[in-house]
Amino acid sequence: MSIIVRYFAAFREAAGLAEEHVDTTAATPAALFAECVARHSALERYTASLVAINDEMAGWESELSDGDEVLFFPPVAGG
Amino acid sequence: MKRFSVSAGPIDPDGFRRALVDPSCGAYVQFEGWVRDHNEGQQVLRLEYEVYEPLAVKEGLLIVDEAMERFEISRAAASHRSGLLELTDVAVVVGVSAAHRGPAFDACRYIIDQAKLRLPIWKKEHYANGAAEWVNCRHCAEAGHAHHP
């Protein structure tokens with residue numbers, strides 16, 4: 001299935017891009033992130049803290065669907 | 001006043017007090033987060049906040065609504081900056097008015113604590129030595145922590 005992956009802050013800098021379209025069989029954000037780390041080795045140094053799907057906060061074991069936009073957030077630091 | 005907003009320009013802290021005044025309230029608590037000149041032994045010159053606004057606003061509103069439900073308060077609002085900030089600039093404001101001070105303190109604390117945990121906001125500190133780092137991610141990188149899960 002086709003998924004849009006978006007990276008923010010440190011993830012964007014580590015991956016070297018803000019967004020990519022991927023064809024994947026990953027069933028969950030956790031599996032998808034592992035694929036992203038395999039493609040962009042600099043991501044390996046970072047911990048992913050939160051994930052969102054289609055602008056809704058989601059769990060790492062949520063089910064992915066064709067056409068989803070998955071947002072990977074590095075550890076947040078507001079305030 | 002919006003219950004939660006992301007502001008690209010300076011936040012007026014006094015505006016919160018004016019907007020949250022309520023004749024049924026005997027207490028008003030306001031928290032301001034400021035840009036300080038040091039962090040973990042480094043001299044900080046300025047910082048920038050990256051905000052993913054669609055979700056930050058959605059989650060920020062949810063946090064304020066949760067505080068309204070959990071505590072005996074009358075009104076609450078919060079705002080967070082985005083973009084480049086200089087020392088002493090106001091980064092975040094939370095204001096809560098209530099009949100009594102206890103719930104006002106508790107709700108204010110709840111909102112700022114949850115905001116720090118849940119809002120998709122990232123802080124990059126610019127240091128006197130010319131370096132710039134995303135806060136928190138530096139620790140991950142140095143500690144060599146594995147990514148989730």
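Heavy-atom basis, side chains included; hydrogens, waters and symmetry copies ignored. So that the names make sense, note that chain A is the first sequence line, chain B the second, and so on, each numbered from 1.
At most 12 non-hydrogen atoms from other residues, nucleotides or ligands lie less than 6.0 angstrom from CD of A:Glu63. Residue-environment remark: CD (B:Glu72) stays at or below the threshold of 12 foreign heavy atoms within 6.0 Å. At most 12 non-hydrogen atoms from other residues, nucleotides or ligands lie less than 6.0 angstrom from CD of B:Gln43. The number of heavy-atom neighbours closer than 6.0 Å to CZ of B:Arg17, taken from other residues, nucleotides and ligands shown, is 12 or below.
Looking only at side-chain heavy atoms (C-beta outward), A:Asp55 and B:Lys58 come within less than 4.5 Å of each other. Residues B:Glu50 and A:Arg12 are in side-chain contact: their nearest non-hydrogen atoms beyond the backbone lie under 4.5 Å apart. Counting heavy atoms from C-beta on, the side chains of B:Glu59 and A:Glu56 never come closer than 4.5 Å.
By the criterion of side-chain heavy atoms lying less than 4.5 angstrom apart, applied directly or through intervening Ile, Leu, Val, Met, Phe, Trp or Tyr residues, B:Phe16 is grouped together with B:Val90 in one hydrophobic cluster. In terms of hydrophobic clustering, with Ile, Leu, Val, Met, Phe, Trp and Tyr side chains grouped at heavy-atom distances under 4.5 Å, B:Trp34 and B:Leu47 are assigned to different clusters. Under the 4.5 Å side-chain heavy-atom criterion for Ile, Leu, Val, Met, Phe, Trp and Tyr, A:Leu32 and A:Trp60 are members of the same hydrophobic cluster. Both A:Phe11 and A:Ile53 are part of a single hydrophobic cluster, where members link through side-chain heavy atoms under 4.5 Å apart. Cluster membership for B:Met68 and B:Val96, using ILVMFWY side-chain heavy atoms within less than 4.5 angstrom, is shared.
With rounding to the nearest 0.5 angstrom, the CD1 atom of B:Ile121 is 11.0 Å from the CZ atom of A:Phe73. Expressed to the nearest 0.5 Å, how far OH of A:Tyr46 lies from CH2 of B:Trp134 amounts to 10.5 Å. Note that CZ of A:Arg6 is 4.5 Å distant from OH of B:Tyr52, once rounded to the nearest 0.5 Å.
For B:Leu55, the part lying under 4.5 angstrom from a heavy atom of chain A is the side chain only. Both the backbone and the side chain of B:Pro120 come within contact range of chain A, judged by heavy atoms closer than 4.5 Å. Heavy atoms of B:Arg118 lying under 4.5 Å from chain A belong exclusively to its backbone.
In this structure a side-chain-to-backbone donor-acceptor pair under 3.5 Å is present from B:Trp122 to A:Pro74. Under a 3.5 Å cut-off, the side chain of B:Tyr49 and the backbone N or O of A:Gly79 do form a donor-acceptor pair. A distance-only check finds no donor-acceptor pair linking the side chain of B:Lys124 to the backbone of A:Ala9 [under 3.5 Å].
The two residues A:Val76 and B:Leu117 have their closest heavy-atom pair at CG2-O, 3.3 Å.
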